[in-house]
Amino acid sequence: MSTIQAAVIDFDSDPSFHYGMVSPYEEDGFQVFFFDPEGALFWGTDLKNADPGGNTITNNGPEMLISKADGGLFDLISIDLADVANVGNQGDLWGLVWFDFVFGNPPAIHTISHIVYLDELAGLQTATFNYQGLLQVSILFSGMAQLDNIVVNPSLMPVPVPATVWLFGSGLAGLLGFNRKRSQSTLYSKY
């Protein structure tokens, strides 16, 4: 079994503080879509950045989407979150983040939801998921949050073998068995 190195979407390719960007943001073969035409806020050098020395992003709209650039399956290990001002969630609904995980290849798609509520702490908080075989992850925000260090990797989920391959293989094995039995009976009848 081979091991795959996890990718970390850390938004550090541009360390500046700026607003707006073209959607999707791409890094290490993964995409982050922003559903607001103005894009996202990159905290960069701002004092409110929850990742000093790195960069975080803040959603401008209510939703973001993570997927593999080639449309394949992936695993989500964890994601770091902070409240938008990096002062600690003040006990209101702004600290609520809703995740919808879409699993599998069509037509066998199913979705589960997971809600994360940020603690009243400043700085990044890691939400660990370890979900495998994802087609996409939709992130819905009750307010705004800072995101960083999305740990993902290509999925090692087995690809299902179509039923026609199994049918063909069993038919081929039956023919070989029948042919072997017929040649043995021909061999015995000669003696």
Could you give all pairs that pass the ring pair (Phe, Tyr, Trp, His ring centres under 6.0 Å) test and reach residues 54-78, with sequence neighbours left out?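 Every ring pair (Phe, Tyr, Trp, His ring centres under 6.0 Å) pair that includes a residue of residues 54-78, provided the two are not neighbours, is Phe30-Phe74.
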
Sole residue of Asn153, Thr128, Leu134, Asn130 in side-chain contact (heavy atoms from CB on, under 4.5 Å) with Leu76: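 Exactly one pass, corresponding to Leu134.
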
Which heavy atom of [X] sits nearest to which heavy atom of [Y], and what is that distance?
| X | Y | answer |
| --- | --- | --- |
| Ala82 | Leu124 | CB-CD2, 4.0 Å |
| Leu135 | Ser67 | O-CB, 3.9 Å |
| His114 | Tyr131 | ND1-OH, 3.6 Å |
| Lys48 | Asp46 | N-OD1, 2.8 Å |
| Ala40 | Thr58 | CB-O, 3.3 Å |

Under 4.5 Å between any side-chain heavy atoms of [X] and [Y], yes or no?
| X | Y | result |
| --- | --- | --- |
| Leu147 | Ile139 | yes |
| Ile79 | Val151 | no |
| Met64 | Ile57 | yes |
| Trp98 | Ser113 | yes |

Can any side-chain N or O of [X] pair as donor or acceptor with the backbone N or O of [Y] at less than 3.5 Å?
| X | Y | result |
| --- | --- | --- |
| Asn55 | Asp12 | no |
| Glu26 | Ala69 | no |
| Asp83 | Ala145 | no |
| Asn59 | Phe34 | no |
| Gln146 | Val84 | yes |

Using a 6.0 Å cut-off, check whether atom CG of Leu47 has over 12 heavy atoms from anything other than its own residue. no

Are Phe141 and Leu65 co-members of a hydrophobic cluster defined by side-chain heavy atoms under 4.5 Å apart?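 Shared cluster, no.
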
Do Ile77 and Val116 share a hydrophobic cluster, counting only Ile, Leu, Val, Met, Phe, Trp and Tyr and linking them when any side-chain heavy atoms are less than 4.5 Å apart?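 Different hydrophobic clusters.
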
Hey, what do you get for [atom1] ([X]) to [atom2] ([Y]), rounding to the nearest 0.5 Å?
| X | Y | atom1 | atom2 | value |
| --- | --- | --- | --- | --- |
| Leu81 | Gln125 | CG | CD | 7.5 Å |
| Thr56 | Asp80 | OG1 | CG | 10.5 Å |
| Phe11 | Asn149 | CZ | CG | 9.0 Å |

For Phe129 and Val137, what are the C-alpha separation, side-chain angles and deciding distance, and is it a side chain to side chain contact (heavy atoms under 4.5 Å, CB included)? CA-CA 11 Å; Phe129 300 106; Val137 176; over 6 Å; no

Relative to the ring of Phe101, is the ring of Phe99 parallel (under 30°), tilted (30 to 60°) or perpendicular (over 60°)? parallel

Hey, what's the ring geometry for Trp43 with Phe17, parallel, tilted or perpendicular (30° and 60° as the breaks)?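 Ring orientation of Trp43 relative to Phe17: tilted.
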
Asp28: which residues meet the side-chain hydrogen bond (donor to acceptor under 3.5 Å, both in side chains) condition with it, sequence neighbours left out?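 Listed in chain order: nothing, the list is empty.
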
Partners meeting side-chain hydrogen bond (donor to acceptor under 3.5 Å, both in side chains) with Glu27 (sequence neighbours left out): Tyr25

